[in-house]
Visitor: 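Have a look at this one before I ask anything.
Side chains are part of it too, since the values below use all heavy atoms of this structure and drop only hydrogens, waters and symmetry mates.
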Amino acid sequence: MPSISKKITGQVIISPDVLLEVQKEIKNITGFKEKIEAALEGRITELLEIILAGAILLDASDIHVEPKEEQTKIRIRVDGLLQDVLFLNRQTYEKLLSRIKLLSGLKLNIDDRPQDGRFSISVPENTQQTISKSYSIEIRTSTLPAEYGETVVLRILNPKSLINLEALGLRNDLLKIFNKQIKQPNGMIIVTGPTGSGKTTTLYAFLKEIQKPESKIITIEDPIEYHLKGISQTQVNPTKGYDFANGLRSIMRQDPDVVLVGEIRDLETASIALQAALTGHLVFTTLHTNDAAGTVARIQALGEKAINIAPAINMAVAQRLIRKVCKKCLKKEKVSSSVLEKLKESLKGLPKEIKIPKLGPELKIPKAVGCKECNSTGYRGRIAIFEAFLIDDELEKFILTTPSVAALREKAIEKGMITIYQDAIIRVLEGITTIEEVERITGEQ
């Protein structure tokens with residue numbers, strides 16, 4: 001087998017020939033497992049690189065190396081769910097761990113405390129060319145002491161996952177709202193959702209849409225996940241006293257037009273970000289809440305006053321990622337009367353401008369089946385679902401009364417907000433996903 005990479009600590013360089021070979025052999029988890037098994041007798045560098053190349057080709061977001069009592073399990077996360085690949089023996093695991101630590105700049109002799117590191121993979125753009133342009137994929141490494149050795153998670157940050165606003169798959173009405181709001185001269189847009197719900201991808205799509213030579217855009221992140229050309233990006237370093245609050249305070253002295261704050265975690269950061277939004281800057285940020293209506297209460301819980309929150313926020317957004325049905329094995333079936341009633345009830349009060357198929361007994365919706373293309377899951381790829389509301393004069397006055405999350409949510413719906421669950425159900429009617437997947441992500445309504 002040809003050599004996959006040059007021996008460079010901190011970087012793996014995959015050649016076009018090898019990538020083409022791996023592309024031909026790895027089409028699903030089974031092919032991935034077989035390719036790894038074939039490399040077990042070879043050099044550990046080739047084994048790791050096949051694991052990395054295969055995970056990238058399968059669009060995995062993470063690789064998990066989990067030592068057990070006798071063997072070590074390799075798993076990859078695809079479309080948000082972990083899937084088993086194979087088991088390694090103890091000796092192979094230890095060699096693989098050493099190689100990962102070496103590449104990631106971690107200390108080899110430390111196994112009793114967590115370590116974080118990173119390295120990059122240089123991947124050719126085109127496997128058909130002998131001399132090919134390449135792009136870099138960053139791998140973020142995390143090790144954690146466990147009962148039978150160190151568990152390792154390799155997070156794959158592929159710049160090809162960065163997309164523009166239109167590619168987010170927004171409903172037309174929501175796309176128009178987003179396009180208008182991200183071009184406002186000032187105010188704050190907050191995107192909420194759990195870890196892994198695509199918030200960073202959405203914020204970067206905002207930045208890509210508004211980036212222009214005459215605007216200065218600065219970000220403060222923890223950590224910088226993707227590098228964007230033409231944008232100043234800075235990373236927090238709490239051990240040196242450079243946290244979100246200190247960093248944001250310094251950024252405001254740099255005369256930015258647009259600021260992206262990776263996450264609001266404390267009162268000081270919230271106060272500075274809100275003040276920036278009130279003084280002529282457009283601020284994008286994220287917050288951990290369950291829904292869009294929870295943003296105000298969450299900032300208040302940090303200690304900020306409603307009088308500072310209400311006039312600063314332009315729009316609150318919540319999002320999740322749901323799996324799309326595999327197009328190769330997709331089947332549609334007629335809905336039962338009970339499911340039809342559930343659909344009708346969930347879409348009750350939907351604004352008239354939202355066009356959906358007729359909800360009658362002839363309606364057919366997708367069913368997940370499973371094939372080799374989708375690793376027998378019935379799903380392939382993911383799409384975001386959203387809920388969002390704008391804070392106009394009426395809502396601003398309402399927020400000043402310090403309403404409960406439920407009351408604010410009810411008010412937002414009254415003013416036309418389509419909930420995440422409703423957005424997901426619309427995706428079912430469009431043939432993109434299934435009711436089972438919607439309920440797995442949003443819960444049964």
Side-chain angles (χ1 to χ4, degrees), residues 56 59 61 120 123 125 133-138 140 155-193 195-236 244 247-248 251 254-264 273 276-277 280-287 313-321 324 381-388 390 423:
I56 291 166
D59 290 325
S61 59
S120 63
V123 182
E125 290 274 5
K133 289 183 178 180
S134 63
Y135 65 98
S136 183
I137 295 175
E138 187 169 303
R140 191 161 294 126
R155 187 172 184 203
I156 302 168
L157 299 173
N158 192 336
K160 289 200 169 181
S161 64
L162 287 179
I163 52 180
N164 59 32
L165 196 56
E166 291 189 357
L168 288 176
L170 295 157
R171 299 187 318 269
N172 285 335
D173 61 302
L174 204 51
L175 178 60
K176 289 177 183 176
I177 292 171
F178 279 20
N179 262 316
K180 183 178 180 180
Q181 291 304 313
I182 64 175
K183 290 167 184 171
Q184 295 297 319
N186 56 270
M188 180 183 287
I189 296 175
I190 302 177
V191 181
T192 74
T195 301
S197 60
K199 299 188 297 295
T200 300
T201 300
T202 297
L203 289 180
Y204 280 16
F206 289 171
L207 295 183
K208 288 178 76 174
E209 189 71 24
I210 64 172
Q211 183 183 1
K212 51 188 177 182
E214 58 267 33
S215 292
K216 181 159 187 175
I217 302 174
I218 307 179
T219 76
I220 179 163
E221 305 170 62
D222 181 23
I224 294 171
E225 294 197 10
Y226 301 99
H227 298 278
L228 299 172
K229 288 183 179 178
I231 292 173
S232 301
Q233 295 174 266
T234 177
Q235 182 169 306
V236 300
F244 275 113
L248 187 53
I251 284 172
Q254 293 282 311
D255 189 29
D257 297 293
V258 181
V259 178
L260 185 152
V261 183
E263 184 185 345
I264 290 179
H281 306 86
L282 183 60
V283 179
F284 299 142
T285 190
T286 71
L287 201 63
I313 300 175
N314 292 354
M315 179 171 68
V317 181
Q319 71 175 78
R320 302 286 189 278
L321 293 175
K324 299 187 290 185
R382 289 190 291 176
I383 190 171
I385 50 175
F386 296 90
E387 68 181 23
L390 303 176
D423 192 28

Visitor: Looking at Ser215 and Asp257, what are the two nearest heavy atoms and their distance?
Guide: CA-OD2, 3.4 Å
Visitor: How would you list, by chain and number, every residue that makes a ring-ring contact (aromatic ring centres under 6.0 Å, His included) with Phe244, sequence neighbours excluded?
Guide: none
Visitor: Between Asn314 and Asn186, is there a donor-acceptor pair closer than 3.5 Å when you use the side chain of the first and the backbone of the second?
Guide: yes
Visitor: Which heavy-atom pair separates Gly193 from Arg320 by the least distance, and what is that distance?
Guide: CA-NH1, 3.8 Å
Visitor: For Leu175, enumerate each residue passing the side chain to side chain contact (heavy atoms under 4.5 Å, CB included) test, keeping only those at least two apart in sequence or located in another chain.
Guide: Leu165, Glu166, Leu170, Asn179
Visitor: Do you know which two heavy atoms are closest between Ile313 and Ala316, and how far apart they sit?
Guide: CG2-N, 4.5 Å
Visitor: Side chain of Lys324, backbone of Ile383: donor and acceptor closer than 3.5 Å?
Guide: no
Visitor: Within a strict 4.5 Å, meaning less than it, do heavy atoms of the Ile189 and Val283 side chains meet?
Guide: no
Visitor: Please collect all salt bridge (charged side-chain N to carboxylate O under 4.0 Å, His left out) contacts where either partner lies in residues 200-216, sequence neighbours excluded, each pair once.
Guide: none
Visitor: Looking at side-chain heavy atoms only, is the closest gap between Glu263 and Leu287 below 4.5 Å?
Guide: no
Visitor: Pair up each side-chain donor or acceptor in residues 227-234 with any protein partner under 3.5 Å, not counting sequence neighbours, and list the distances.
Guide:
residue: Gln233; atom: OE1; partner: Leu228; partner atom: N; Å: 2.7
residue: Gln233; atom: NE2; partner: Glu221; partner atom: OE2; Å: 3.0
residue: Gln233; atom: NE2; partner: Tyr226; partner atom: O; Å: 2.8
residue: Thr234; atom: OG1; partner: Tyr242; partner atom: OH; Å: 2.9

Visitor: Just how far is it from atom CD of Gln181 to atom CG of Leu282, taken to the nearest 0.5 Å?
Guide: 9.0 Å
Visitor: With the side chain counted from C-beta on, respond yes when Leu260 and Ile217 share a heavy-atom pair under 4.5 Å apart, and no when they do not.
Guide: no
Visitor: Supply the atom-to-atom distance Ser120 OG to Tyr135 OH, rounded to the nearest 0.5 angstrom.
Guide: 12.5 Å
Visitor: Give the minimum heavy-atom separation between Gly198 and Leu321, together with the two atoms involved.
Guide: N-CD1, 4.0 Å
Visitor: Say you draw a straight line from OG1 of Thr219 to CG of Leu248; how long is it, rounded to the nearest 0.5 Å?
Guide: 11.0 Å
Visitor: Please step through salt bridge (charged side-chain N to carboxylate O under 4.0 Å, His left out) for the pair Glu225 and Arg155, ending with a clear verdict.
Guide: CA-CA 10 Å; Glu225 294 197 10; Arg155 187 172 184 203; 3.5 Å; yes
Visitor: Which residues satisfy the side chain to side chain donor-acceptor pair (under 3.5 Å) test with Thr202, sequence neighbours excluded?
Guide: Gln319
Visitor: Give the C-alpha distance, both sets of side-chain angles, the deciding distance and a yes or no for side chain to side chain contact (heavy atoms under 4.5 Å, CB included) between Ile190 and Thr286.
Guide: CA-CA 5 Å; Ile190 302 177; Thr286 71; over 6 Å; no
Visitor: In the structure I gave you, are the side-chain heavy atoms of Ile182 and Val258 within less than 4.5 Å of one another anywhere?
Guide: no
Visitor: Using the side chain to side chain contact (heavy atoms under 4.5 Å, CB included) criterion, which residues pair with Ala318? Sequence neighbours excluded.
Guide: Thr192, Ala292, Glu387, Ile420
Visitor: Kindly give the heavy-atom pair with the smallest separation between Met315 and Ile177, and that separation in Å.
Guide: SD-CG2, 3.9 Å
Visitor: In Å and rounded to the nearest 0.5 Å, what is the CG to CG distance from Leu168 to Leu174?
Guide: 9.5 Å
Visitor: Tell me, please, which residues at least two apart from Phe206 pass ring-ring contact (aromatic ring centres under 6.0 Å, His included).
Guide: Phe178, Phe284
Visitor: CD1/Ile137 to CG/Asn158 distance, rounded to the nearest 0.5 angstrom?
Guide: 4.0 Å
Visitor: Does Asp222 have any salt bridge (charged side-chain N to carboxylate O under 4.0 Å, His left out) partners at least two apart in sequence or in another chain, and if so, which?
Guide: Arg265
Visitor: Mind checking what makes side chain to side chain donor-acceptor pair (under 3.5 Å) contact with Arg171, not counting sequence neighbours?
Guide: Asp173, Asp423
Visitor: Under the salt bridge (charged side-chain N to carboxylate O under 4.0 Å, His left out) test, which residues partner Lys160, sequence neighbours left out?
Guide: Glu125
Visitor: Specify the closest pair of heavy atoms between Arg382 and Gly196, including all atoms of both residues, with the distance to one decimal.
Guide: NH1-O, 4.2 Å
